[in-house]
Student: 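Sharing a structure with you now.
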Amino acid sequence: MRLGRDGAEFPFSLKSRTEEGPGTNPEELLGAAHAGCFSMALCNLLEEAGHEDPAVRTTALVHLEQRPAGFTVTRVDLTTTGTVDGLDAEGFVAYADKAKETCTVSRLFSSAEINVSATLQ
């Protein structure tokens, strides 16, 4: 599989989804896209509110379950940490909750449960 503007290549196979095979799988790629999109949405909200140079790091764990119709993404757990001058932990959580609503990939996953755990460092 070739991705991105620079054409980075990644091994990609069914074994990487169902076994401990090498490479990546669609769910890992969706998780990476979701974490990146969420971080961008959160930083944008913080910057629009006047917080300069926020630092945000997000990981996503995509849960895949076998359903009668086939494998289905049922839940995504986002874990985000941030360093934001002039903001308390409660405020950071509020911005993270808003980012979940505005993130393009979160809206794509609207049929799945999305959990956000936000920690201000």
Side-chain angles (χ1 to χ4, degrees):
M1 175 184 303
R2 194 172 290 184
L3 296 173
R5 292 184 181 116
D6 65 355
E9 291 191 27
F10 297 91
F12 188 83
S13 71
L14 182 60
K15 285 185 178 185
S16 66
R17 173 185 270 169
T18 59
E19 301 173 12
E20 292 298 319
T24 190
N25 59 58
E27 295 74 35
E28 290 173 344
L29 297 171
L30 289 169
H34 199 176
C37 183
F38 180 85
S39 289
M40 289 172 66
L42 180 52
C43 283
N44 184 60
L45 290 170
L46 291 164
E47 289 170 351
E48 285 180 347
H51 298 282
E52 294 183 21
D53 299 321
V56 173
R57 180 179 175 91
T58 305
T59 60
L61 178 59
V62 176
H63 296 265
L64 187 69
E65 293 182 18
Q66 177 68 49
R67 297 281 173 95
F71 284 104
T72 302
V73 173
T74 58
R75 189 174 92 224
V76 179
D77 296 326
L78 296 172
T79 302
T80 190
T81 57
T83 304
V84 185
D85 290 337
L87 187 64
D88 62 12
E90 185 177 306
F92 186 70
V93 170
Y95 279 108
D97 288 341
K98 181 68 174 170
K100 183 175 110 172
E101 297 171 17
T102 61
C103 167
T104 305
V105 178
S106 290
R107 290 196 311 270
L108 173 67
F109 283 136
S110 63
S111 64
E113 177 183 346
I114 301 172
N115 300 308
V116 176
S117 173
T119 306
L120 185 66
Q121 294 182 334

Student: With rounding to the nearest 0.5 angstrom, report the CZ to OG1 distance, F38 to T102.
Tutor: 8.0 Å
Student: C37 and C103: which non-hydrogen atoms are nearest, and at how many Å?
Tutor: SG-SG, 3.1 Å
Student: Is L120 linked to V56 within one hydrophobic cluster, defined over Ile, Leu, Val, Met, Phe, Trp and Tyr using a side-chain heavy-atom separation of less than 4.5 Å?
Tutor: yes
Student: Determine which pairs satisfy side chain to side chain donor-acceptor pair (under 3.5 Å) with at least one residue from residues 28-44, sequence neighbours left out, and list them in order.
Tutor: T24-E28, H34-S106, S39-T58, N44-E48
Student: Which distance, rounded to the nearest 0.5 Å, do you find between the NZ of K100 and the CG of L42?
Tutor: 13.5 Å
Student: Supply the atom-to-atom distance N115 CG to L78 CG, rounded to the nearest 0.5 angstrom.
Tutor: 8.5 Å
Student: Give a yes or no on whether D53 atom CG has more than 12 heavy-atom contacts from other residues, nucleotides or ligands under 6.0 Å away.
Tutor: no
Student: Once rounded to the nearest 0.5 Å, what's the spacing between atom OG1 of T72 and atom CZ of R67?
Tutor: 6.0 Å
Student: Would you kindly confirm whether L61 and V76 end up in one hydrophobic cluster when ILVMFWY residues are joined by side chain heavy atoms under 4.5 Å apart?
Tutor: no
Student: Might you point out which heavy atoms bring A112 and R75 nearest each other, and give the distance in Å?
Tutor: CB-N, 4.0 Å
Student: If you measure from OG1 on T104 to CZ on F109, what distance do you get to the nearest 0.5 Å?
Tutor: 12.0 Å
Student: Should L108 and V73 be regarded as members of a common hydrophobic cluster, given that ILVMFWY residues are connected when their side-chain heavy atoms come within less than 4.5 Å of each other, either directly or indirectly?
Tutor: no
Student: Other residues, nucleotides and ligands only: do more than 12 of their heavy atoms fall within 6.0 Å of CZ on R107?
Tutor: yes
Student: Membership question, hydrophobic clusters at under 4.5 Å side-chain separation (ILVMFWY): are I114 and L45 in the same one?
Tutor: yes
Student: So how far is it from E52 CD to D85 CG, rounded to the nearest 0.5 Å?
Tutor: 9.0 Å
Student: When the side chains of residues 90-99 are checked against the rest of the protein, which donor-acceptor pairs come out under 3.5 Å, sequence neighbours left out?
Tutor:
none

Student: Would V105 and L30 show up in the same hydrophobic cluster when neighbours are defined by side-chain heavy atoms closer than 4.5 Å?
Tutor: yes
